[in-house]
Amino acid sequence: DALSTENEASPLSEGAESHAVHWVQGFPNKNFGFINNQTVCYPCGNYILFFNTETKKTTALHCQTGQVGAFAVNPKYGVLAFSDRKLNPVIYIYSFPELNKLSELKGHVQLDYSLLAFSFLGPYLASYSSFPDFVLSLWNWKENILLCSESQPGVTATSISFNPMNWQQLCFVTETSVTIWCIERNHDEHCFIRNPVKLPDGKGSLDHHKNLFFPYSCDENPYHGPVMPVSAIAGLVGDEAETFVPRTDIKPSLRPTAHCWNTDSDIYLGCKEGYILEVDTMKYTASIIQQKPLLPLRTNVDLYFSAQEGILYFYDISDLQYEMKICADISEPISTLVFSPDYTVLLIVTDQATAMACCPSSSSVAVGTGRGQIYFIDITKAEAPRVVHRISLSKFPVLSLHYDQSGQFLIVTAMEGYIFILDARPSKLFQVLGYVGNTCNNIDHIMFSQFVYVNDQGMLNSSAIEKKQYDLQYPLSSAVRLKDNIVYGYCTCAPFICRYNLSEQVNPPKVIPSNQVGSGLVCLSPNSRMLASAAKDGVLLIYDSSTMEILAQNYCHSYEGGGIRSIVFSLDGKFILVNGENDGALVCLKWNFAVKYSILSIRIQLIFVSYAYFIHKIQKMMHENEQVPDIEKLEQHEFNLDTEEQEKAQAEAEQEVARKIEMEILANCYLQDIIRHECWDSMCVKGRAVKCFHIDCEVKNYPLKKRDEEELRTLEKVLSLRKIETTNLKVQKNVPETKPKTVLFKEEEWTEEVMVDDTASCRLAGSLSSQYGADTSILYHQLDLHSREQKVNQIVLLKDIIYKVQTAFNKEFDVVAQQKEQEIARIKERNVRVREILAQLELQVEVWEPGLTGEEEPEQALTVHDSEIKAEKYLTPEEREKAELLLRLEMERQLASLDNERQRALNDMMGGVLEVKQEDILKMDIPPPSFLSKPEDEWNDHEKKIFRKYEEEVKELNEQKEKYRTQLRNELEELEASIQEIAQNFDKSVCKLFERKVDLEKVIYQEELKIVNLIYSLLLDEELDSREAGLHHFLVKKQKEKVRSFLKEFADVPANLLDELSELYKCRPDISHHMPNGLDPSIWEKFCLARRNKLESEQQVKWMAQILEEIEFFLRRRKGDDMEMTSKVERIYQELTWLREEKIKLQLNLTFQFLLKQGQVELESNGIPDYADAIFIKRNVVEELNCDIMEQVEKKIASMVEYKESSKGIFKLKWEHKKMSMQIEDLNQKAQDIVALPITKDRQLFEQLSYELMYLFYLFGNAQLHKKTMRKHQKKIKELEKCISLKEQANYELSIKLKEMLVSVSERRHLSQAAGEIAKRRYQEILKQKHLRSLIGKQEEHVEILQAKAERLRSKTFPIL
């Protein structure tokens, strides 16, 4: 490849490229580990990096198959393990520092491993896979063997770890639970035993851990039958029934986040809620550690803990108490804490940055975080960077940072579409100039000014940003623009790159195919000659921007880590930085050939300078415009170079608002249609009410839905079935049957008579529906409802009766409602006359005007009147012109009517009428004479005569007016009385209707009570069935658990052979594995071999004893599990038997509904009673007395139930006694028959011979059995004799060998004695040296153990050192 990766002094794995990585950097937020005391290793994309904390050097290990998945280190053995993320992933084991591959662990995982963990006490590795397997596995990584595995469907783990003191304990942590997996070993067989830890809730209580599948002993309620668990009530069967918990009983447990083991093999657990728990790994319970002062001279445990505030705490723990101290303030949330193996170095990992950009004008870097903060870091000294300024922009994470070409401005993109503009100069303290809200993430060009385009809130106006919009044929995920208006874009819907020419009017794109997968991005080099393209597959392609030929490609990231997130070219084009999406790796790629960029760099610098000069010139002009007088000042919009685009954007915004309003109106109309259809149109009888005129009383009808065809068919089917059953019963009664003359006949006959006599009575029927027009003859008798079908049919018939009763009442209601409308019309007619009289009498009295309310006319709610709309009505221009025209015509008509001379004259002379009526007499007035203005002494006779006549006319007119007023008052009283009578009569009708409805409600409640009892019995029957099925499923599952591993291993065997293999598997024999070795011909070698065999046999005896102890322990555990399983099975069988008995009992123990007389007794009282001898009693005394009465009532009812059961038992005993007496009579009769039977001598002789023959047969059978037993013993004796002979022959051969060995030993002894004292001393010195070497080895091991203990004590005593 033209591109290569290069790293300093980094040995790569097999198959690496000839050119090394220049460098790879990056830090994930997890999976850190010390592989020795100085080296930290962690996965980073497709690499594993090793950082030496002393030399500050980094080496890399390349994963050839893609991104590194799960990761773990073992500093004791100096090895690391990691998995790849391909299909059927593999776990690789490498040694350090050689980086040699030791083994590959291949399992049956399909997609990915999520967690790995080493054991420090043996060659064991635990792994956990993610979706879809979710399998926990245990490996021997030295021998490349899978020891055991366990599946946990749907469980996502967060961390796993071995107990450092015991490799047979594994802590398994999820987001909501903690499990201790115990690894049990039976020689070469290993298995996982699951032990879930009970975590407390937020209050520290463990009461929420209840077994809801077995919550009680077999018990029942005397009123409602047996008490069922919630799973049976919910109708659940199978695994869901065992794990179901009602929402009301769910109390969230503490959520674990981090854990560590202590020296006592217990676990300290950190929780998201801020608690610290101590987990007892023997009892599998967790307790909250309280913060309290500790007593001196106590053995304590040291624990380091980090919080989200970025503070490192030190906990001194003793039992369930601790003291807390603050060690350090990191000021950033801490995600990982890791100690080195010697506990001298603590690695702290904080949250990662989300964006970064380098300033072109200074040696500084801007870093964005996930909390909306930006750090400005001075990197003048790269070895010691320092934070010079920090600014918080928003609460949203920072997505990207971008400097302009001159380095004066910083563009910040945050979540929710916010873009901030900052002054990048340190002298201005990185001041925020403004922001833009809800815009796209890519901005082509931004014009800056001195706060000209910023409002009071700091938001940039739309005129501050120059926007251009183009309609494209394909959606793009990324685009870059060249100098000549050429745009390259990466298409999101298909794998190709589009080339657009923006200067052309019609610009069909030129499509360049690409082999990359997923959405991607493009990046242009500084000289615009190279175009880089990257996608989700992690492959980087470099194109020639003019010809679009591929120059180079590199697979630097993987698709498992999300591919490539961003690409950056260096200014000289020699290096390319490639950042991964989710793998946390930053890879630097270097070209293998050199290109001269001097001329190009000068041109780029000239362009940057001219661009900066242009921006500075425009800003200067705008600043000068602010200084000139107002008459010479230019408006702000004059600086806007594209007003047409602004108007177009405003029009588009208005259209968008109108479209949103239209869609909202459409949604509301749709919701209105749905509500109207469900609650109004589907009702055949709409709900409404009738109210009294003067009484606070109202009656509502029964809203009824139209019965669908399915309901009507069911009703017709049930009615037909009842007719057939009734006819069949009548036919059976007419057929004469012979019955035994026993007491039972009399009891049945008496029962039938009582039932026939009480058929007409409503008390035994349990309701009064027959008195209100319902036909109850079709109902089943309450004592005949035994089967489920009968109960369901009874419910259908009862619902039909309720429907008919409600329909009959609705007819009566409609009559009263029509009556009210008629009465209101009559009252309104009278009110017309009442208003006329009041107007003539000039009385200001309010007239009572009845009407219908909203409850009486519910359809009014569906009609919206103009008066209800408070907002001004919107009129279109055409409607507005039409309204103005109508208003103008109306005004002209009114002006024309004012100029009518005839109408004015009629109003002046006769009040606007041509004929005076009687009712107008009150309006008549006699005009006074004109001389009344003169004094009376100046009147002449004629004037006085006229005045007397005027007074007589006035008097006569007043008398007529008074007479007419009296007549009007009488008529008004009559009208008011008639209105009052109408209202009272109607109120009486409504009250009667109300009483009628009260009676009907009582009837309906009686029938509904029957339905409720029947439904309850059906539900209880279903609960019993569900409980029985759930217990059967639980029983079968527990029985299958014994051979689960066998079934998993032989899952592909046919079903007919699997059972036979399973039986053979259960009784598998023990097989011997060890065979003795032969002896060498040489005597010395024989001696050495014998000695060696002796030592080996001793070691083998010890090893076999250890294996035997493990097997015995395993056997004890399995026996305990078997006993526990057997007790559970027995308990389930007992409950199944109890359920069957209860089910039979409930089918016979029916609920019978009676009607009892209800009411209260009223005593006649003669005035006020005398309270002279009365005393005051406290309310609580009366309430306690009432409680006592209720308790006694409960006891009485319980005793009545007990008496009922006792009576049933007595009747049963009487029946059994009668049965036994009849059996006695039969036996006595048989005895008499036997006595009366004649027996001859031949019969007696035959019976005697038959008895003797039977005795002989018995003896013969015993003799045969004795012979068979003797043959078995003789066969066993022969086998023992044969074994004895074989043992004797073996002993003889051994004695011969022993003699030969004694001879050789004696010869050697003589040879050694003849060698002299020197050889003996030499031999003794050799033995002494050998003995001393063994002592030295033992003492060295003892010293190492003591040094390790001293080191641990020192680290505990002085943890800071």
Side-chain angles (χ1 to χ4, degrees), residues 671-693 695-719 767-776 778-779 792-825 850-865 985-1012 1014-1015:
L671 181 61
Q672 174 194 355
D673 293 340
I674 292 177
I675 295 174
R676 179 164 182 167
H677 175 73
E678 294 292 333
C679 304
W680 185 259
D681 296 339
S682 61
M683 307 294 293
C684 61
V685 178
K686 274 73 174 179
R688 56 186 301 189
V690 172
K691 294 184 178 181
C692 294
F693 285 126
I695 303 176
D696 187 12
C697 177
E698 68 172 357
V699 181
K700 295 182 179 180
N701 68 341
Y702 292 103
L704 297 177
K705 278 191 174 184
K706 185 178 180 180
R707 293 194 282 190
D708 54 4
E709 296 180 359
E710 183 66 25
E711 188 176 357
L712 293 175
R713 280 198 300 270
T714 304
L715 177 60
E716 185 178 356
K717 178 182 176 182
V718 173
L719 291 175
S767 66
L768 301 172
S769 56
S770 59
Q771 298 179 1
Y772 291 89
D775 183 12
T776 58
I778 60 175
L779 296 175
V792 173
N793 293 342
Q794 185 81 334
I795 292 173
V796 174
L797 296 174
L798 290 174
K799 288 182 178 180
D800 182 59
I801 288 176
I802 293 173
Y803 188 86
K804 290 179 178 178
V805 170
Q806 291 176 345
T807 304
F809 175 78
N810 286 340
K811 292 179 180 179
E812 299 178 8
F813 178 86
D814 293 339
V815 173
V816 177
Q818 292 177 1
Q819 181 184 354
K820 183 170 185 180
E821 294 178 358
Q822 295 173 1
E823 299 298 344
I824 289 174
L852 298 177
T853 61
E855 292 82 1
E856 295 174 314
E857 288 184 335
E859 58 272 3
Q860 291 182 356
L862 303 177
T863 305
V864 180
H865 301 281
N985 293 334
F986 179 76
D987 290 348
K988 291 179 181 179
S989 300
V990 176
C991 291
K992 291 180 180 179
L993 184 65
F994 179 77
E995 295 174 358
R996 177 75 172 175
K997 185 174 182 182
V998 170
D999 296 336
L1000 285 177
E1001 288 286 339
K1002 182 167 60 176
V1003 173
I1004 292 172
Y1005 289 153
Q1006 292 167 357
E1007 302 296 348
E1008 288 179 348
L1009 180 59
K1010 288 183 184 179
I1011 294 174
V1012 169
L1014 291 173
I1015 292 175

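Only this structure's heavy atoms are used, side chains among them; waters, hydrogens and symmetry mates stay out.
In this structure the side chain of Val690 reaches within 4.5 angstrom of the side chain of Phe986, judged on heavy atoms. Under the 4.5 Å side-chain criterion, counting only non-hydrogen atoms from C-beta, Leu1014 is not in contact with Val792. Between Cys692 and Glu698, every side-chain heavy-atom pair lies at or beyond the 4.5 Å cut-off. A heavy-atom distance below 4.5 Å is found between the side chains of Gln794 and Leu779.
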Show your reasoning for whether side chain to side chain contact (heavy atoms under 4.5 Å, CB included) applies to Cys697 and Lys691. CA-CA 6 Å; Cys697 177; Lys691 294 184 178 181; over 6 Å; no

Evaluate the side chain to side chain contact (heavy atoms under 4.5 Å, CB included) criterion for residues Gln806 and Ile802: first the C-alpha distance (whole Å), next the side-chain angles of each, then the deciding distance (0.1 Å), finally the verdict. CA-CA 6 Å; Gln806 291 176 345; Ile802 293 173; 3.6 Å; yes

When you look at Ser769 and Gln1006, which way does the side chain to side chain donor-acceptor pair (under 3.5 Å) test go after all the steps? CA-CA 9 Å; Ser769 56; Gln1006 292 167 357; over 6 Å; no

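Annotation: Lys997, atom NZ; neighbour count of heavy atoms from other residues, nucleotides and ligands within 6.0 Å is above 12. In this structure, Phe994 places its CZ atom where only 12 or fewer heavy-atom neighbours from other residues, nucleotides or ligands lie under 6.0 Å away. Within a 6.0 Å sphere centred on CD of Glu716, other residues, nucleotides and ligands contribute 12 heavy atoms or fewer. Annotation: Lys717, atom NZ; neighbour count of heavy atoms from other residues, nucleotides and ligands within 6.0 Å does not exceed 12.
Closest of all the heavy-atom pairs between Tyr803 and Cys684 is OH-SG, 4.0 Å. Residue Pro858 comes nearest to Gly687 through the heavy atom pair CG-O, 3.3 Å, listed as atom of the first residue, atom of the second, then distance. The two residues Pro850 and Ile824 have their closest heavy-atom pair at O-CG2, 4.0 Å.
Of the candidates Val718, Ile1011, Leu719, Val718 is the only one forming a side chain to side chain contact (heavy atoms under 4.5 Å, CB included) with Val796.
Separation of atoms NZ (Lys992) and CD (Glu995) is listed at 9.0 Å; rounding is to 0.5 Å. Rounded to the nearest 0.5 Å, atoms OG (Ser682) and CG (Leu704) are 11.5 Å apart. Atom CD of Gln672 and atom CH2 of Trp680 lie 13.0 Å apart (nearest 0.5 Å). Note that CD of Glu1008 is 10.0 Å distant from NZ of Lys799, once rounded to the nearest 0.5 Å. Atoms CD1 and CD, from Ile795 and Glu1007 in turn, are 12.5 Å apart once rounded to the nearest 0.5 Å. Note that the CG atom of Leu798 and the OG1 atom of Thr776 stand 10.5 Å from one another [nearest 0.5 Å].
Asn701 places a side-chain N or O within 3.5 Å of a backbone atom of Arg688 that can act as its donor or acceptor partner. Under a 3.5 Å cut-off, the side chain of Asp987 and the backbone N or O of Phe693 do form a donor-acceptor pair.
The salt bridge (Lys or Arg N to Asp or Glu O under 4.0 Å) contacts involving residues 700-710 comprise Arg707-Asp800, Glu709-Arg713, Glu710-Arg713, where partners must be two or more places apart or lie in separate chains.
The existence of a salt bridge linking Lys820 and Glu856 is confirmed by a sub-4.0 Å separation between a basic side-chain nitrogen and an acidic carboxylate oxygen.
The aromatic rings of Phe809 and Tyr702 stand perpendicular to each other, their planes meeting at an angle above 60°, with 30° marking the opposite boundary.
Glu812 meets the salt bridge (charged side-chain N to carboxylate O under 4.0 Å, His left out) test with Arg996; sequence neighbours excluded.
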